[in-house]
Amino acid sequence: MPWRHWLPRLARTSNFRLVLLYSGLFTVSVLVLMVMMLWWGSAYVIQQTDEMVSDELGDVQAAAAKPGAGGLRGVIQDFARQASVRDRYLLEGPSGQVLAGNMPHIPPVTGTMTWYPTSSIFNFWPLASGVRGAGIRTAGGDFLFVGRSTLALNEMRATVARAFLSVIGASLLLAVTGGLVMTVGSLRRVEEIGRTGQEIVATDLSRRVAVRGTGDEFDRLALSLNAMLDRIQALMEGLNQVSSDIAHDLRTPLTRLRQRLELAHRHEGDPAALRQALEQAIGNVDAILETFAALLRIAQIESQSPGIAFTRLDVSALLEDLVEFYTPLAEEYGHSLAGAIEPGLFAGGDAELLTQAFSNLIENAIRHGRPGAVTMSARRRGDAICVEIADPGPGIPEAFRDKVFQRFYRLEQSRTTPGTGLGLSLVAAVALMHGADVTFAEHGGGFMVRVQLPRGG
Amino acid sequence: MNYPGGGMRILLIEDEPETAAYIAAGLQEAGHEVVHAADGRGGLLQASSESWDLLIVDRMLPGLDGLGLVRVLRGCGIAIPVLFLTTMGGVGDRVSGLRAGGDDYLVKPFAFSELEARVEALGRRSSTLTTDTVLRAGDLEMDLLARSVSRGGRVLELQRQEFRLLEYLLRNTGQVVTRTMLLENVWGYHFDPRTNVVESHISRLREKIGGDLVHTVRGAGYCVRASDTAFGA
Ligand SMILES: Nc1ncnc2c1ncn2[C@@H]1O[C@H](COP(=O)(O)OP(=O)(O)O)[C@@H](O)[C@H]1O
Ligand SMILES: [Mg+2]
């Protein structure tokens with residue numbers, strides 16, 4: 001990839017801006033640290049110098065006081081001769097003439113001070129070399145000054161500054177190159193994801209974002225994007241499926257309706273036949289409307305936010321009532337219906353929808369099962385209420401257990417029994433809304449539907 | 001008013017002209033007087049300024065919607081029975097309708113017999129609220145206090161739901177009650193079972209009390225009629 005192409009985009013990435021921001025902050029803080037170190041270091045060195053100078057001043061006076069030392073003038077000449085490169089001594093007469101020492105004339109100011117050989121604004125420059133010392137007036141009116149060159153101080157300052165500046169330089173270099181490399185890497189991943197997204201928009205929904213397996217944030221992003229795409233694809237396919245199913249499912253009764261009406265039309269002369277044909281036609285329309293109502297209801301349940309109409313429900317009572325309600329019907333079908341329901345089971349839920357869902361399950365057991373014993377049991381199981389509806393079989397074969405929840409799906413063997421194939425779809429929608437789990441299982445030679453409903457509420 | 005005996009005076013508030021015409025024609029055929037209002041505000045005005053036996057109110061109306069209309073009426077202390085008409089698939093519609101002060105609701109599209117049965121039931125409720133503790137049909141007697149049923153002096157053993165079913169039928173003696181009315185009023189269920197579970201309850205009941213009391217009205221529902229009893233006795 002040519003740099004001309006990459007650089008402007010790099011500079012715009014949030015990643016790179018972050019790197020620059022952090023580098024700037026780092027530089028500023030290191031600079032502040034440096035200034036503070038210079039300040040305190042200098043203050044320390046100056047204080048040391050001042051102490052030494054005042055000792056030296058004492059020494060000079062003590063030496064001058066000794067008999068035969070040749071007075072202050074002789075002592076200074078002596079000291080100046082033996083002085084190291086940094087030591088400075090000066091004795092000036094009252095009129096400012098230099099009497100002895102290794103320094104030129106300076107203004108006779110008493111107390112500690114720093115003197116610079118050239119007076120200019122550059123004296124404020126930390127590396128300007130001068131003399132730090134202390135001056136006093138002697139009893140004879142002379143000016144005595146003892147000092148040290150600030151060379152050492154300046155060297156210390158220069159060393160500290162050099163060290164800090166090289167640290168700043170090195171880390172800036174590291175940060176910027178590191179940031180660039182990292183940014184290029186992530187920019188590449190992002191562009192890759194973006195490109196896949198555009199391809200998905202443009203061509204097919206089955207494409208997925210590449211996952212590298214490193215488990216980094218891009219992988220996680222890719223994984224959740226892929227999960228989202230899976231869901232969208234499933235929804236799209238479901239939608240397609242549903243609309244073609246609806247079309248298909250309604251074609252049969254509508255065709256039948258059309259035939260009836262045509263027949264009625266032909267039998268216009270025969271009132272009895274006409275009446276019968278019309279009655280049948282109304283029956284057909286009712287069946288179609290019923291299908292629509294069921295579809296609408298499922299769609300409404302699916303679009304409702306869970307918990308909105310929830311109240312605390314006595315699930316045990318609800319189930320007992322249902323068992324009693326369906327007993328005559330079960331017996332008509334040659335079954336026996338029995339309940340084994342633990343009392344006092346409570347859950348938060350929508351009574352109307354739960355009743356309808358469980359009623360669908362009981363009706364399925366009655367209509368799709370062989371004659372025999374149908375039982376509905378309910379008991380506490382951990383944090384859930386476990387409701388089981390068992391029938392004598394033949395049940396739903398493993399391979400179809402996912403499919404029966406789809407709208408309109410009916411097993412081959414059930415095509416002749418009345419029904420719309422929407423019962424379990426409603427059960428699934430109600431279960432989802434209640435956070436419940438619906439599973440199928442074999443059960444003592446028969447079949448069983450298990451609903452696990454979260455307790456409490 | 002003069003009901004039962006003559007027809008009811010019914011105000012129909014419905015914006016769809018076809019539905020309104022269908023309902024009005026059917027109810028007029030059944031002997032009721034029907035006045036039609038096509039929007040919420042006009043309906044409210046008419047409902048509050050004249051006297052009616054029953055209001056039939058569409059939930060969705062231009063101007064002022066059905067819920068708001070009934071809320072205002074109830075707020076003014078007008079207690080005319082109200083039957084709401086709602087559209088298919090409204091899961092929470094019934095509850096909100098009843099909460100606003102409706103007495104019954106019916107989901108569109110409906111069989112006319114369903115509407116008719118509910119109109120009759122609501123009309124009767126306002127005129128003949130029975131406070132009797134014993135319900136009778138022919139030689140069948142139901143004692144609501146002792147919770148016992150006997151026919152021709154012979155005590156019949158009824159289960160809880162059978163008792164409630166018979167009680168509801170007897171309270172509406174001479175009236176057609178539909179399957180959904182039974183589901184709603186006897187069991188409190190507001191969904192349509194996909195099986196003829198109500199029919200099997202009825203045939204069970206017939207086995208216990210004899211088959212000559214509860215009659216099936218084709219395409220509509222059931223009706224208690226004792227051969228030797230007059231209407232409303
Ligand atoms: N208890 C059961 N035993 C056997 N098959 C069943 C049972 N419950 C459901 N099924 C199968 O699942 C299909 C879908 O069920 P459902 O959605 O309730 O629709 P419907 O009952 O109207 O056919 C049924 O047609 C039937 O084939
Ligand atoms: Mg309307």
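Chain letters run A, B, ... following the sequence lines, proteins first, then strands; residues in each count from 1.
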Review point. For the candidates B:Val197, B:Val186, B:Val198, which exhibits the highest count of non-hydrogen atom pairs separated by less than 4.5 Å from chain A?
Key: B:Val197

**Study point:** CD on B:Gln161 to CG on A:Asp321, rounded to 0.5 Å
**Key:** 6.0 Å

Check your understanding: Crowded around A:Asp402 CG? As in, over 12 foreign heavy atoms under 6.0 Å?
Key -> no

Review point. Can you check whether A:Thr327 reaches B:Arg204 side chain to side chain, under 4.5 Å on heavy atoms?
Key: yes

Point to revise | Within 6.0 angstrom of B:Arg154 CZ, more than 12 heavy atoms from elsewhere | key: no

Point to revise | Heavy atoms of other groups near B:Arg99 CZ, more than 12 under 6.0 Å | key: no

Check your understanding: To the nearest 0.5 Å, how far apart are CZ in B:Phe191 and CG in A:Asn360?
Key -> 7.5 Å

Review point. Just how far is it from atom CD of A:Glu324 to atom CD of B:Gln159, taken to the nearest 0.5 Å?
Key: 6.0 Å

Practice item. May I ask you to test the A:Glu332-B:Glu199 pair for a side-chain heavy-atom distance under 4.5 Å? Key: no

**Study point:** Neighbour count >12 (heavy atoms, 6.0 Å) for atom NZ, B:Lys208
**Key:** yes

**Study point:** Contact class of B:Leu183 relative to chain A, heavy atoms under 4.5 angstrom
**Key:** side chain

Review point. Which one of B:His190, B:Arg160, B:Arg194 has the most heavy-atom pairs closer than 4.5 Å to chain A?
Key: B:Arg194

Review point. Is chain B contacted by the side chain of A:Leu322, its backbone, both, or neither, given a heavy-atom distance below 4.5 Å?
Key: both

Check your understanding: Is it true that a side-chain atom of B:His201 and a backbone atom of A:Phe325 form a donor plus acceptor pair closer than 3.5 Å?
Key -> yes

Revision key, fill the gap. Nearest heavy-atom contact between B:Pro109 and A:Leu289 is CG-CD1, 3.3 Å

